[in-house]
Amino acid sequence: MNCKIGIRGLSNGEHPFHFKVDGSFFEAYESDTVSDAELDVNALITKEPGRMSLDLGITGDVTVKCDRCLADLKIPVDIQVPFSVMFSSYAEDAEEGVSDEVILLDGSSSEIDLGQIIYDYVNLSLPIKKVHPEGECDPVMMEKLKDILK
Ligand SMILES: [Zn+2]
């Protein structure tokens with residue numbers, strides 16, 4: 001799945017990018033946590049003279065296995081992260097006083113690859129305990145597990 005944004009030659013101003021991320025994306029990263037996904041990714045690039053920022057929004061849901069019944073469990077995702085985009089040659093001077101997350105690019109980069117960033121942020125957003133609300137676990141699976149654990 002292509003999560004790359006071309007930044008070469010962007011004019012000053014705001015440039016919105018949108019793409020969808022599904023289960024095949026997590027498959028490609030060999031995720032053993034996320035089995036399916038329906039995510040909208042919005043990236044707003046704001047370019048000003050000498051400065052570039054990227055506001056990343058990831059919304060939708062991902063499917064994981066419930067820790068208790070092992071059936072599918074959908075977890076809503078709503079992530080908003082502001083990034084400063086920096087080129088490595090300037091990064092050292094610029095790093096002071098920057099509170100945003102930073103996307104560091106090689107000076108010759110013509111694109112930003114959001115793939116790893118999306119993968120990391122979605123994984124970090126998942127709760128440690130992934131379970132259905134009390135009483136909503138798959139009853140068939142719970143019976144089977146009870147038999148196994150007897
Ligand atoms: Zn469950």
Side-chain angles (χ1 to χ4, degrees), residues 1-8 10 13-48 51-88 91 94-106 108-150:
M1 194 164 289
N2 187 359
C3 300
K4 291 181 179 155
I5 292 175
I7 51 167
R8 178 150 292 174
L10 280 184
E14 294 188 340
H15 304 273
F17 295 86
H18 172 255
F19 41 95
K20 291 191 177 290
V21 165
D22 61 20
S24 63
F25 172 84
F26 289 91
E27 222 170 88
Y29 278 92
E30 295 177 0
S31 168
D32 47 15
T33 313
V34 176
S35 59
D36 203 0
E38 255 181 83
L39 297 171
D40 281 298
V41 177
N42 285 292
L44 180 69
I45 299 249
T46 306
K47 196 177 172 208
E48 297 163 30
R51 210 190 114 77
M52 196 187 287
S53 63
L54 185 155
D55 288 299
L56 181 67
I58 310 170
T59 53
D61 52 60
V62 295
T63 304
V64 300
K65 290 262 171 283
C66 170
D67 292 337
R68 200 190 295 136
C69 71
L70 306 180
D72 282 350
L73 166 68
K74 273 194 179 184
I75 296 183
V77 173
D78 187 358
I79 300 167
Q80 307 290 333
V81 209
F83 289 95
S84 289
V85 180
M86 288 180 187
F87 293 91
S88 50
E95 212 138 359
E96 282 169 44
V98 171
S99 55
D100 286 359
E101 299 282 326
V102 172
I103 295 173
L104 199 58
L105 296 178
D106 192 273
S108 59
S109 297
S110 58
E111 56 190 16
I112 300 173
D113 187 352
L114 289 175
Q116 188 68 47
I117 292 171
I118 293 168
Y119 182 77
D120 289 345
Y121 272 87
V122 169
N123 274 296
L124 284 173
S125 79
L126 298 177
I128 294 172
K129 218 168 151 31
K130 305 172 197 60
V131 289
H132 290 105
E134 203 60 50
E136 288 181 29
C137 275
D138 186 328
V140 178
M141 294 290 272
M142 290 304 281
E143 273 311 306
K144 277 189 195 159
L145 287 174
K146 232 187 267 169
D147 288 345
I148 293 167
L149 297 174
K150 235 181 246 172

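Indexing begins at 1, ligand by ligand and atom by atom, following the structure's order.
- The shortest side-chain heavy-atom distance between Ile79 and Leu56 does not fall under the 4.5 Å cut-off.
- Below the 2.8 Å limit, the Zn ion (ligand 1) has as protein N, O or S neighbours Cys66 SG, Cys69 SG, His132 ND1, Cys137 SG.
- Considering every non-hydrogen atom in both Cys69 and Met142, the closest pair reads CB-SD, 3.5 Å.
- Classification of Arg68 and Glu134 as a salt-bridged pair holds, one side-chain N sitting under 4.0 Å from a carboxylate O.
- Phe17 is linked by a ring pair (Phe, Tyr, Trp, His ring centres under 6.0 Å) to nothing, counting only residues two or more places apart in sequence or in another chain.
- Every residue meeting the salt bridge (charged side-chain N to carboxylate O under 4.0 Å, His left out) condition with Glu143, not counting sequence neighbours, appears here in chain and number order: Lys146.
- Residue pairs meeting the ring-ring contact (aromatic ring centres under 6.0 Å, His included) criterion with at least one partner in residues 126-149, sequence neighbours excluded, are absent.
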